[in-house]
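Shown next, in structure tokens, is the structure this report addresses.
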Amino acid sequence: MSHTEQGDINELKRVRLEKLQELRDMGVDPFGGRFERSTMAQAIKDSFDNFEGQTVQVAGRMMSKRRHGKAGFANLQDYSGSIQLYFRQDDLGPEKYELFKKMDMGDIIGVSGTVFRTQKGEMSIHVYDLTYLSKSLHPLPEKWHGLKDVELRYRQRYVDLIVNPEVKEVFVKRSRIIREIRRYLDELGFLEVETPMMQPIPGGATAKPFITHHNALDTELYLRIAPELYLKRLLVGGLEKVYEINRSFRNEGISTRHNPEFTMLEIYQAYADFQDMMDLTEALISNVVNQVNGSLQVEFEGQTIDFTTPWKRLPMLEAIKQYTGLDFNHIVDDDEAFQAARGLGMELEPGAARGEIINEVFESFVEEHLVQPTFIFGHPVDISPLAKRNRETPEFTDRFELFIVQREIANAFSELNDPIDQRQRFQRQVEKRQSGDGEAHMMDEDYIRALEYGMPSAGGLGIGIDRLVMLITGSPSIRDVILFPTLRPVKE
RNA sequence: GGGCCAUUAGCUCAGACGGUAGAGCACCUGACUUUUAAUCAGGGUGUCGCUGGUUCGAGUCCAGCAUGGCUCACCA
């Protein structure tokens with residue numbers, strides 16, 4: 001232990017360190033090893049009749065302790081739940097009972113005993129042997145308010161998980177959601193793949209990347225902002241139905257809806273289009289919600305979200321017309337669009353393209369109204385550099401976004417597979433980049449070459465897993481569904 | 001990055017007008033062999049986020065900084 005740590009040590013920790021030494025002096029290893037459990041706390045409660053009178057071995061963390069002279073009670077918490085323990089000096093003998101007396105809240109122990117019910121009816125274990133498995137040196141937060149300090153909850157998630165049971169439930173649910181997604185896609189014959197997270201050219205989204213450096217290669221690498229371009233290379237290679245669930249990274253602001261690293265699901269299906277992806281999105285999400293929550297209705301911030309299919313499908317221009325009265329079908333050039341947006345009180349940078357303006361208007365006036373699951377489709381090509389143009393109206397794309405409680409949950413389109421058009425779109429992005437837009441795409445020659453070999457027409461879909469988990473678990477902040485959200489490091 | 005708010009004991013929180021720092025839980029000592037927010041008797045364990053300033057005197061007022069939350073901007 002370092003000198004400074006010694007100096008900073010507080011009374012509570014000092015007392016526990018002393019007890020630790022006392023255990024050692026008694027010949028007890030405070031950090032015991034393997035312990036054979038015969039069952040779990042919750043299992044005993046769930047089928048008490050089968051367990052009553054039986055001998056069991058359980059292990060876990062002691063969360064409370066009530067001593068009554070030469071007997072006492074404690075509560076033992078394991079992954080499944082918690083159960084009360086009963087200790088009697090007459091049954092344990094003075095040495096083991098001394099161990100019980102020394103036990104602190106938070107200590108991890110294994111016990112052996114018989115299952116019984118107390119006079120007050122509490123299902124309990126009458127302990128006749130106990131083993132120290134880990135001494136806890138820090139006091140746990142208060143027992144009925146739990147740990148509330150948000151910063152501490154995120155920084156020391158382990159403590160949060162110990163004392164706030166609902167936190168564990170959220171992350172168990174998150175795991176089930178992802179498992180259910182995998183199961184669903186695997187059953188449809190999709191192949192799960194892993195593509196580079198460190199990329200020489202970051203692409204597939206408009207976002208600022210993190211930059212890092214590889215020493216041996218002496219080259220800059222970017223943490224991926226999306227897996228998209230690699231997954232579509234796989235379509236070229238003949239992997240016709242692929243998906244990837246993993247992290248992407250964007251070097252942007254942090255908010256209740258944004259974490260610098262976040263989990264995205266991307267799915268690509270050859271010979272399909274964005275309509276197929278809409279059907280898939282609807283089926284996938286409604287299935288997951290139903291499997292995980294046992295219902296298609298979900299409460300979120302006082303609102304009931306109904307995932308019953310089919311969901312509303314609304315063309316973007318239609319939605320804008322509905323909420324602003326503006327019909328961009330009749331506003332055909334950039335100038336006119338600019339004036340129209342100004343008329344709505346929007347401040348725009350001069351030189352914006354009609355498509356960009358349409359998107360701005362949509363985000364400012366429509367998004368806030370989209371509470372129930374709604375597909376918005378038909379995005380301008382100006383804001384969709386990787387999406388296939390619509391046959392009838394080529395300045396729009398066959399693309400949709402899914403909105404639920406004002407949040408964008410999914411984004412999908414018919415994938416652009418024309419290498420010549422793709423090159424021009426990249427070129428346009430490169431120009432934007434040169435004029436200072438750090439989020440615009442870079443030219444990706446290898447991706448163009450892949451398209452030149454021939455990529456089947458395909459539908460592609462991206463779903464923000466963290467946001468989906470937020471909805472399903474009723475969590476208002478993305479930090480509530482990420483175990484270790486990004487925080488500024490504490491500096492010494 | 002902007003705006004607003006918060007920061008007091010291990011945890012959850014009080015601290016009017018500026019006058020020697022408080023409670024509950026936890027912890028320590030003792031009593032108690034079926035309690036469960038156990039109870040009873042006793043004990044306060046603190047760089048009031050940090051640095052300055054105003055003042056006879058600052059947890060309290062002022063400024064700057066730090067960390068976090070909400071929100072706006074940006075995005076998924």
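Note that the structure is predicted; figures quoted are calculated from it, not measured. Lettering follows sequence order; numbering is per chain, from 1.
- Considering only side-chain atoms of A:F73, the nucleotide from B:C28, B:U34, B:G24 that sits closest is B:U34.
- Between A:R488 and B:A66 there is no side-chain N or O to OP1 or OP2 distance below 4.0 Å.
- Of the N and O atoms on the side chains of A:S475 and A:R174, not one donor lies less than 3.5 Å from an acceptor on the other residue.
- B:G24 and B:A9 have their C1' atoms separated by 12 Å, given to the nearest Å.
- A donor-acceptor contact closer than 3.5 angstrom links the side chains of A:D25 and A:Q21.
- Atom-to-atom, CZ of A:F116 to C1' of B:U34 comes out at 7 Å; the value is rounded to the nearest Å.
- Not one side-chain nitrogen or oxygen of A:R66 sits closer than 4.0 Å to the OP1 or OP2 atom of B:U35.
- In this structure B:C65 sits in the anti conformation; its chi angle is more than 90° from 0.
- The distance between atom CE of A:M63 and atom P of B:A38, rounded to the nearest whole Å, is 12 Å.
- The listed nucleotides are B:U35, B:C28, B:C13; the one nearest the side chain of A:K148 is B:C13.
- The CG-C1' distance, from A:L140 to B:G10, rounds to 10 Å in whole Å.
- Rounded to an integer number of Å, the gap from A:H145 NE2 to B:C25 P is 11 Å.
- Side-chain proximity of A:S477 to B:C70, B:C25, B:C11: nearest is B:C70.
- Rounded to whole Å, the C1' atom of B:C13 lies 9 Å from the corresponding atom of B:U8.
- Side-chain proximity of A:K143 to B:C11, B:A38, B:C13: nearest is B:A38.
- The same atom, C1', is picked in B:A73 and in B:U12; the two are 35 Å apart, to the nearest Å.
- A salt bridge links A:D129 with A:K96: the closest approach of a Lys/Arg side-chain nitrogen to an acidic carboxylate oxygen falls below 4.0 angstrom.
- Taking only side-chain nitrogens and oxygens, A:K120 comes nearer than 4.0 Å to OP1 or OP2 of B:U35.
- Residue A:R479 has its side chain nearest to B:C70 when only B:G24, B:U35, B:C70 are considered.
- Taking the ring axis of A:F100 as reference, the NZ or CZ atom of A:K65 stays within 45° of it and closer than 6.0 Å to the ring centre.
- Close to B:G10, at under 4.0 Å from its OP1 or OP2, lies no side-chain N or O of A:K13.
- The separation of B:C5 from B:C62, taken at their P atoms, amounts to 11 Å, rounded to a whole angstrom.
- Straight-line distance between the C1' atoms of B:C27 and B:G46: roughly 15 Å, to the nearest whole Å.
- Of the candidate nucleotides B:A37, B:C27, B:U67, B:U67 has the atom lying nearest to any side-chain atom of A:E151.
- Among the nucleotides B:A26, B:U34, B:C32, the one closest to the side chain of A:M105 is B:A26.
- Atom-to-atom, CG of A:L76 to P of B:U35 comes out at 20 Å; the value is rounded to the nearest Å.
- Atom NE2 of A:H126 is separated from atom C1' of B:U35 by 14 Å (rounded to the nearest Å).
- Summarising the geometry, atom CD1 belonging to A:I109 is positioned 7.5 Å from atom OH belonging to A:Y132; distances are rounded to the nearest 0.5 Å.
- Between the P atom of B:A26 and the CD1 atom of A:I162 lies a distance of 17 Å, rounded to the nearest Å.
- In terms of phosphate contacts, A:K70 brings no side-chain nitrogen or oxygen within less than 4.0 Å of OP1 or OP2 of B:U34.
- A salt bridge does not link A:K19 with A:D107: every distance from a Lys NZ or Arg NE/NH1/NH2 to an Asp or Glu carboxylate oxygen is 4.0 Å or more.
- If you check the side chains of A:Q84 and A:T118, you find no donor sitting under 3.5 Å from an acceptor.
- Distance from the side chain of A:E439 is smallest for B:C74 among the nucleotides B:C74, B:U34, B:U71.
- Atom C1' of B:G44 sits at a distance of 44 Å from the matching atom of B:G1, rounded to the whole Å.
- In textbook terms, a nucleotide whose glycosidic angle is within 90° of 0 is syn, while B:A23, being further out, is anti.
- Close to B:C74, at under 4.0 Å from its OP1 or OP2, lies no side-chain N or O of A:S255.
- At the phosphate of B:G68, OP1 or OP2 sits under 4.0 Å from a side-chain N or O atom of A:R155.
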